[in-house]
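To start, the structure under review is shown below, and the notes come after it.
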Amino acid sequence: MSVRPPAPNANQPPIPRKKVTLNTLHNLHASHTPIAMVTAYDYPTAIACSSSPLTDITLVGDSLAQVCLGLPSTTQLTLDDMIHHARAVSRGSTHPLLVADMPFGSYQVSTERTLENAIRLVQEAHIEGVKLEGGAEIAPLVRKLVGIGIPVMAHVGLLPQRHTSLSGYKVQGRSVESARKLMEDALALQDAGAFSMVVEAVPKELGKYVTEKLKIPTIGIGAGPWTSGQVLVIDDLLGTWSGHKAKFVRRFANIKEVRDAGIHKYAEAVRDRSFPDPATESYTIDSQEWERFLEGELRRGA
């Protein structure tokens with residue numbers, strides 16, 4: 001293989017920014033500076049997230065079920081899957097705060113199991129915070145996790161882990177009752193100690209209202225431009241995901257086109273034998289040494 005592990009500190013670019021902490025996020029929120037969060041699923045995407053000093057949070061999202069593992073939904077992702085991927089992300093992450101989703105089933109059984117699973121994520125995957133989907137019903141879990149020193153990012157609005165019970169991936173908070181419940185859930189989670197809150201797929205008016213009522217930063221995804229920050233799946237923003245494109249997604253690059261063209265050009269070069277070039281892309285042996293080898297082969301009757 002041509003890929004070798006980098007030598008320690010050799011030609012490594014300096015970390016472009018001091019480590020983001022909860023206090024950093026608090027200061028950004030207080031100064032009304034929008035917070036940027038991006039998902040990562042492995043070492044290369046972690047490096048990509050860390051390449052910009054403007055990235056505040058890297059989220060190891062359970063969306064890795066679809067974009068990395070080819071599963072139909074996030075509900076099929078296991079805790080072991082998450083730990084495996086989050087551990088790889090932690091090796092490539094520099095300054096962003098590192099948060100991981102707790103997969104479906106890892107925090108629904110019991111408080112004790114939730115604590116054990118969150119501790120595994122911290123100890124084995126080296127993440128710095130966990131994200132849980134749900135409303136007031138998970139507030140006791142949030143309080144317990146925060147109480148033992150594990151920062152919690154809440155998640156309200158559209159809850160992908162509950163897409164079946166929600167009859168699909170639908171915008172939430174479009175009725176008075178739904179909007180009121182979301183607001184009550186958000187306040188309960190804040191009171192339980194969540195340090196921030198993802199607000200997904202809600203009307204922009206509601207996203208703005210929730211942000212104004214909470215004391216903690218909101219991270220919007222399909223919640224309008226007035227939340228405290230935004231998050232996108234890295235495959236969506238880079239244009240490598242070929243699945244459904246949600247209304248709120250903006251392509252900031254088209255890496256898929258470049259990637260696919262590169263693969264095709266490589267295969268063409270192999271097919272027409274223009275790769276590898278014998279002069280610039282191949283190794284050689286001293287001509288006298290080669291003659292000795294051939295003479296030896298002849299003597300052996302090869």
From Arg87 atom CZ to Asp42 atom CG, the distance as rounded to the nearest 0.5 Å: 14.0 Å
Determine, for [X] against [Y], whether the closest basic-nitrogen to carboxylate-oxygen distance falls under 4.0 angstrom.
| X | Y | answer |
| --- | --- | --- |
| Lys265 | Glu268 | no |
| Lys208 | Glu212 | yes |
| Arg180 | Glu177 | no |
| Lys215 | Asp191 | no |
| Lys131 | Glu200 | no |
| Glu112 | Lys144 | no |
| Asp56 | Arg17 | yes |

Find out whether [X] and [Y] are in side-chain contact, i.e. whether some heavy atom of one side chain is under 4.5 Å from a heavy atom of the other.
| X | Y | result |
| --- | --- | --- |
| Leu69 | Asp81 | yes |
| Phe195 | Val99 | yes |
| Cys49 | Ile234 | yes |

Any chance the side chains of Thr211 and Thr218 put a donor and an acceptor closer than 3.5 Å? yes
Pick out which of Val130, Ile216, Ile57 makes a side chain to side chain contact (heavy atoms under 4.5 Å, CB included) with Met153. Ile57
Asp236 and its salt bridge (Lys or Arg N to Asp or Glu O under 4.0 Å) partner, picked from Arg251, Lys247, Lys245, Arg250: Arg251
